[in-house]
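Take a look at the structure below.
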Number of protein chains: 4
Amino acid sequence: MRPQSLRARESVLTATCALLEEGGLPAATVDAISARSGVSKATIYKHWPSRTAVAAEAFGIKMATAVPLPDTGTAVGDLTEQVRLVSAFYSSHAGSTFAQLLAACVTDPAGAPYFREFFLNGRRDAIGVLWRRALERGEVDDEVDVETAIDLLFGPLIFRLLSGHAPLGETEAGAIASAALTGLLRGRG
Amino acid sequence: MRPQSLRARESVLTATCALLEEGGLPAATVDAISARSGVSKATIYKHWPSRTAVAAEAFGIKMATAVPLPDTGTAVGDLTEQVRLVSAFYSSHAGSTFAQLLAACVTDPAGAPYFREFFLNGRRDAIGVLWRRALERGEVDDEVDVETAIDLLFGPLIFRLLSGHAPLGETEAGAIASAALTGLLRGRG
Amino acid sequence: MRPQSLRARESVLTATCALLEEGGLPAATVDAISARSGVSKATIYKHWPSRTAVAAEAFGIKMATAVPLPDTGTAVGDLTEQVRLVSAFYSSHAGSTFAQLLAACVTDPAGAPYFREFFLNGRRDAIGVLWRRALERGEVDDEVDVETAIDLLFGPLIFRLLSGHAPLGETEAGAIASAALTGLLRGRG
Amino acid sequence: MRPQSLRARESVLTATCALLEEGGLPAATVDAISARSGVSKATIYKHWPSRTAVAAEAFGIKMATAVPLPDTGTAVGDLTEQVRLVSAFYSSHAGSTFAQLLAACVTDPAGAPYFREFFLNGRRDAIGVLWRRALERGEVDDEVDVETAIDLLFGPLIFRLLSGHAPLGETEAGAIASAALTGLLRGRG
DNA sequence: GCCTAAGCGAGACGGTACGTCTCGTCTTATC
DNA sequence: GATAAGACGAGACGTACCGTCTCGCTTAGGC
């Protein structure tokens, strides 16, 4: 019969983006999204399994075009630069929303796939490009899995972002990137 | 004047431990803690700023004595072994509670200091011992900050635990530990 | 849109009646009403401004049909009989609930209109009928306001009920009715 | 040691008076009384059975000297004037506190005797004087009990004060006094 | 072009935890 | 050994958000 309305999806995502911008994930309650988008709660729950899923998709779409890929000419430069860009992003308003979303996915397993699909995958693809470029240039260890590489570079940043146990400025991001690239063992740099 | 009662603190922490064991953080509601411990909600809120804080302290105390320090004879062995132990811990029931706590700290800033104080610090101290031991043996790069080293080794595990974007078995933990030690760049292993 | 459910209203009022019967106003907590009626607290607070309001409405409805109008043939008889009936009512279990409700309305201004609407008005209407009947028969002073008459007849009973400074049996009720009818001045009876 | 006791009593009553003045009965929390008087809660509960009792005593003492007895030369004048004075009092800030105290006595039976002892009795004694004076002058019906007379004159005012179902200005007070004196029956005025 | 089944808005609802409040009792430490 | 200071147990309060449901209105797509 009547197909699900595209308009509803888009209104919801637009409204959710605005709410996330204004007050982070806590502001993006289902009632608030419903009120602002003019889409009823029931309809929202027909399109998404949970509030986290909506927020994850909205946030992912917004971010998709935000961080450009660097090209400094070397793998070391590109990856280090990328870590720096990402750590700057984490320090921003959006970074806090990212943390809230990641945290919400722990509690809401139904939302996690959306977060991965619409946010993490995009990020990982982008960095995968850098990694493959570096591999082709022979600059990085081809025995290291791309997944491992990505987590090694960004996991530490994310851990700091979430728990706040240590600062996360440009200096620290640089130190982490450097350590990840050259390793912890002695006489490797 | 009458000092705050130790008994109340201890009852609360014991009850919270039990609840965390049974149903993770979601089970450790303030009402449940109050009911099981026989300590009133008002008193709980006089001792701790939030439910997350209680849970963090309870969980941290329980874990403090749980994971022993390895001593394999080499820094590489010790640190790798520690990463393996921790990843095994993360795969367990308690690991899920850990993730829930870390996630809760994003939403509840008042709880975060408790989590750092009673959980992270303990963990970091333990690993700091390993790191210093390795430094003395000259096995690791003395230009790397101990904080950086710790986050590099465990951040990736935690990131995977939270988002579930990649498996986290013994193999993966080994790969991460190995990559962290030898670095991502070519010709370093 | 979906209208407020009659079922919810009725369940709440029924449950509240039962609770009032069992333990007076102190037993009619919002939690208890919610639990017994199966209506959630939030919904109760959407229908009524406060617990007192719910209790007042429930009590008023129950009483509305409980005390019949007497018809002894004379105004003196009718009014005296009514005072006697009401004082008997006040001595009963329900009378204590009445006192608790009236007292609660002092503290909870939001509940007072409900008490007047659902309890007092009903009572006053009933007695107004008696008063007009007496007026038509020319038995009572047509310069006295019906409001004044009612308060003169029942105010003393209520005052005694609340403060308990004097007994309130059939004898006392008769004395009050008699004094109200004939006045305090000498040579009027 | 003993004299300390007296000081405690007085501090408590003074502090309670001030609190009643500022915010009525709701402001006279036991904690607030304790804090303001410098007398500990435990000591307060050694002298009085409940918060209502403290408030009742404090209020009664304050009011004891406030309303003078009128002497217009006739019983009609005196009693009418008294009703008017009392109704003016009820319209004041203190009147609202009176209502709150009376209401509290319904819920707190332990406080009721204090209220009667320290407030009602004083009032009733004062009016008893007027009543006896009128009796001696032969102006009032000597078959009417003084208790009945008092309740007939003031019960209606108090009822209106509590439930707010009708205004309580000078006009209404006059009408009530008049009706109480001459009675409701026809041809008696 | 009509009809009908579904999509949809609006928001009421049950559920559940929250953090706060005040009461009256109990426990120290002090004077 | 009485008191101040205040911690404590008890339990109701009113609020928030979740995700489900129940209404009617709207609107496509099949006939």
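Just so we're on the same page: letters track the sequence lines, and every chain starts at 1.
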Which part of the nucleic acid, if any, lies within reach of A/Arg7 when heavy atoms closer than 4.0 Å are counted: base, sugar-phosphate only, or nothing? sugar-phosphate

Salt bridge (charged side-chain N to carboxylate O under 4.0 Å, His left out) pairs, two or more places apart, involving residues 43-59 of chain B: B/Arg9-B/Glu57

Give the rounded distance in Å between these two atoms: CZ of C/Arg9 and C1' of E/dA12. 14 Å

Contacting residues from residues 97-106 of chain C, given that a heavy atom lies under 4.0 angstrom of DNA chain F: none

Can you name the ring pair (Phe, Tyr, Trp, His ring centres under 6.0 Å) partners of D/Phe115, sequence neighbours left out? D/Phe98, D/Phe119

List the atom pairs, donor and acceptor, that lie under 3.5 Å between side-chain atoms in residues 27-34 of chain D and the rest of the protein, sequence neighbours left out.
from    : atom 1 : to      : atom 2 : distance (Å)
D/Asp31 : OD1    : D/Lys41 : NZ     : 3.3
D/Ser34 : OG     : D/Val39 : O      : 2.8

All side-chain hydrogen bond (donor to acceptor under 3.5 Å, both in side chains) counterparts of B/Thr97, not counting sequence neighbours: none

Nearest whole angstrom, please: distance from the P of E/dG15 to the NZ of C/Lys46. 14 Å

Only pairs at least two apart or in different chains count here, so list each side chain to side chain donor-acceptor pair (under 3.5 Å) that has a residue in residues 98-109 of chain A. A/Ser50-A/Asp108, A/Thr52-A/Asp108

What does nucleotides 12-18 of chain F look like as a protein-contact string, B for base, S for sugar-phosphate only, - for none, at under 4.0 angstrom between heavy atoms? SBBB-SS

With side-chain contact (heavy atoms from CB on, under 4.5 Å) as the test, would you mind laying out the steps for A/Leu162 and B/Cys105 before giving the verdict? CA-CA 7 Å; A/Leu162 290 190; B/Cys105 287; over 6 Å; no

Taking atom C1' of E/dG15 as reference, at what distance in whole Å does atom CD1 of C/Ile44 sit? 13 Å

Test salt bridge (Lys or Arg N to Asp or Glu O under 4.0 Å) applied to B/Glu21 - qualifying residues, sequence neighbours left out: B/Lys62

To the nearest angstrom, how far is B/Ile33 atom CD1 from E/dA17 atom P? 12 Å

N or O in side chain of A/His47 less than 4.0 angstrom from E/dG7 OP1/OP2: no

Please confirm whether the shortest side-chain N or O distance from A/Thr43 to OP1 or OP2 of E/dG9 is below 4.0 Å. yes

Nearest-angstrom distance from the residue atom CD of C/Glu10 to P of E/dC13: 12 Å

Atom-pair distance (CG on D/Leu19; P on E/dT22), nearest Å: 12 Å

For C/Glu22, check salt bridge (Lys or Arg N to Asp or Glu O under 4.0 Å) against everything at least two apart and list the hits. C/Arg36

Go through it in stages, so that I can follow the logic: the residues are B/Ile158 and B/Tyr90, the test is side-chain contact (heavy atoms from CB on, under 4.5 Å), and I'd like the CA-CA distance, side-chain angles, deciding distance and then a yes or no. CA-CA 8 Å; B/Ile158 289 165; B/Tyr90 286 160; 3.5 Å; yes

